[in-house]
Amino acid sequence: MQIHQNQIVGLNKDLLVEHKENLTQLSKKHDNLEHIIDTISNYNIAIPSWALGAGGTRFGRFGFGGEPSTLEQKLEDIGVINALTKSANAVSLHIPWDIPEDANAIKEKAKHLGLHFDAMNSNTFQDQDNQEYSYKFGSLCHTDKKVRDQAVAHNKAVIDYGIALGSKSLTVWLADGSNFPGQLNFRRAFENTLASLKEIYAHLPADWKLFIEYKPYEPNFYSMVIQDWGTSHMLAKDLGEQAYTLVDLGHHLPNTNIEHIVATLMTRGMLGGFHFNDSKYGDDDLSVGVMKPYQLFLIFNELVFGMENNPANNPIPAWMIDASHNLKDPLEDLIQSIEAIETAYAKALLINQKALEEAQLKNDVVTAQRILQDAFNTDVKTILAEARLRNNGAIDPISAYRSLDVRNVLIKERGMNSTATGL
Ligand code: LRH
Ligand code: MN
């Protein structure tokens, strides 16, 4: 299904007058409004190719109907999200869930839909049918060199797929770890992983980045080889300048101060990117901003400050969503996640960083808090709508999605039982 510009123009018509009035009101209150609208209208988030169908848990999976069962259909669905939000012009592929059989054809299709390829993702956390050695006891850390070599070869193959598609980065997340004390020698596992990553790093083109994603537990429940930002940072430093730490918001123990981790990584230019999602307990992979919107706002406050004060030359982070959908229509869920991310970013851009610094230097805690909360309590819906409108997007993407009856059109095209690869 493709959404055409005139359909969006039609859907925006009834919303325009009120929107313009709201914008006029807002511009009276905020003198840097144009800068914020401009920043958001040039902001894009990569959509995970593995989150366009029903995820499911070990207790069950409930399909949505009309799910994309091919990479081409997945690109079309991301095209729908981008047509409405004008903030989703990138795709993050997971291999082998989404192998581009004909890379040139896939690249052309993506180009036609206004999409490009962000970070590639390798997968050495599942055994594939035709696989010689099992990853049951790990991959890059495995005690058996044959298994490590197999996993290194897979990561090199993923880089090669990415080169063919125009991607410029690889994300490595490892399920490697242990379930029981004594099962694993932590030091040997770390050193094996580093040695394996060095072989993968050596295969990177000079203009590529390697993102090392950490996670404290699951699917292993005693230890994970790359358990936290510190371990990821150690590995990245040992590898070289093209290696960075990737922060998946769901990969933290309860009450972890993630905005502090983000600020700390940026002091050394080591923040490579994000997997945005939200959670209440574990790696719940829920829609962004549904549980902890203030934390997300505080993370963007550190990003705004960090990008404006960047002596360590931290690159612009890779912005990616990593979620799994069990109840909500995946496309609606992703549209809401984009909205939540841009909301946090716009509110953070409203913060008067100069006034905040003055309050901090004077240890005027009350004023510092008021500056943050005034920005957080500002309704930025109109800013996001104007940013979309200036890119010919929908003023209200969710109501547009429903007015266009996208899910039922997809069910007519693909049937009720088509299933998407992924989580
Ligand atoms: C692991 C993870 C990782 C992906 C997977 C789909 O929890 O966050 O980023 O490879 O989810
Ligand atoms: Mn992730």
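No experiment lies behind these values; they were computed from the predicted model shown. Atoms within a ligand are numbered from 1 in the order they appear, just like the ligands themselves.
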Asks: Can you give me every donor-acceptor pair (side chain of residues 230-241, partner residue at least two apart or in another chain, under 3.5 Å) with its distance?
Replies:
residue: T231; atom: OG1; partner: D228; partner atom: OD1; Å: 2.7
residue: S232; atom: OG; partner: I212; partner atom: O; Å: 2.9
residue: S232; atom: OG; partner: T245; partner atom: OG1; Å: 2.8

Asks: What protein N/O/S atoms sit under 2.8 Å from the Mn ion (ligand 2), by chain and number?
Replies: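 N, O, S partners closer than 2.8 Å: E213 OE2, D248 OD2, H275 ND1, D322 OD2.
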
Asks: At a 4.0 Å threshold, what atoms of ligand 1 neighbour a non-hydrogen atom of W50?
Replies: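 Selected atoms, number and element: 6 (C).
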
Asks: Looking at H94, which atoms of ligand 1 are within less than 4.0 Å of one of its heavy atoms?
Replies: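 Per the distance check, 4 (C), 6 (C), 10 (O).
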
Asks: Using the test side chain to side chain contact (heavy atoms under 4.5 Å, CB included), find all partners of A346 that sit at least two apart in sequence or belong to another chain.
Replies: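 A346 satisfies side chain to side chain contact (heavy atoms under 4.5 Å, CB included) with I36, I40, V380, I383, L384 once adjacent residues are dropped.
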
Asks: I need the single residue from L331, I398, I3, I395 that forms a side chain to side chain contact (heavy atoms under 4.5 Å, CB included) with L84. Which is it?
Replies: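 Of L331, I398, I3, I395, side chain to side chain contact (heavy atoms under 4.5 Å, CB included) with L84 is met by I3 alone.
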
Asks: Check this for me - ligand 1, W97, N or O atoms closer than 3.5 angstrom, yes or no?
Replies: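 There is no such contact.
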
Asks: With atoms numbered from 1 as shown, which atoms in ligand 1 lie under 4.0 angstrom from a non-hydrogen atom of E213?
Replies: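 In order of number, 2 (C), 3 (C), 8 (O), 9 (O).
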
Asks: Hey, which atoms in ligand 1 end up nearer than 4.0 Å to a heavy atom of H275?
Replies: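 Once the distances to H275 are compared, the set is 9 (O).
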
Asks: Any idea which protein heavy atom is nearest atom 7 (O) of ligand 1, and the distance to it?
Replies: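 Checking every protein heavy atom, the shortest distance to atom 7 (O) of ligand 1 gives K215 NZ, 2.9 Å.
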
Asks: Does K168 pair with D207 as a salt bridge, N-O distance under 4.0 Å?
Replies: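 Yes, this pair counts.
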
Asks: Just checking Y214 against H252, ring centres under 6.0 Å apart?
Replies: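 They qualify: ring centres under 6.0 Å apart.
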
Asks: Applying side chain to side chain contact (heavy atoms under 4.5 Å, CB included) to S337 and N277, what does each step give before you reach the verdict?
Replies: CA-CA 8 Å; S337 284; N277 49 54; over 6 Å; no

Asks: Using a distance-only test with no angle check, is there a side-chain donor-acceptor pair under 3.5 angstrom linking K328 and S287?
Replies: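 Judged by distance alone, the side chains do pair up.
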
Asks: Can you establish whether the number of heavy atoms outside K381 located under 6.0 Å from its atom NZ is more than 12?
Replies: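 No - once you tally the heavy atoms of other residues, nucleotides and ligands closer than 6.0 Å, there are 12 at most.
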
Asks: Just to be sure I read this right, does ligand 1 sit under 4.0 Å from the backbone of T171, its side chain, both, or neither, counting only heavy atoms?
Replies: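 None of T171 does.
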
Asks: Can we call the ring centroids of F125 and H94 under 6.0 Å apart?
Replies: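 Yes; H94 has its ring centre under 6.0 Å from that of F125.
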
Asks: Any ion pair linking D98 and K74 (charged N to carboxylate O, less than 4.0 Å)?
Replies: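 Yes, charged N to carboxylate O under 4.0 Å.
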
Asks: Could I get the full list of side-chain hydrogen bond (donor to acceptor under 3.5 Å, both in side chains) partners for E76, not counting sequence neighbours?
Replies: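 E76 satisfies side-chain hydrogen bond (donor to acceptor under 3.5 Å, both in side chains) with K109 only.
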
Asks: Atoms of ligand 1 less than 4.0 Å from D283 heavy atoms?
Replies: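 Under 4.0 Å from D283, ligand 1 has these atoms: 7 (O).
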
Asks: For ligand 1, which atoms sit closer than 4.0 Å to a heavy atom of D248?
Replies: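 Close to D248: 8 (O).
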
Asks: I need the nearest protein heavy-atom contact for atom 6 (C) of ligand 1: residue, atom name and distance, please.
Replies: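 Checking every protein heavy atom, the shortest distance to atom 6 (C) of ligand 1 gives L423 CD1, 3.3 Å.
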
Asks: Assess D322 for proximity to ligand 1: is some non-hydrogen atom of it under 4.0 Å away?
Replies: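 The answer is yes, since D322 has a heavy atom less than 4.0 Å from ligand 1.
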
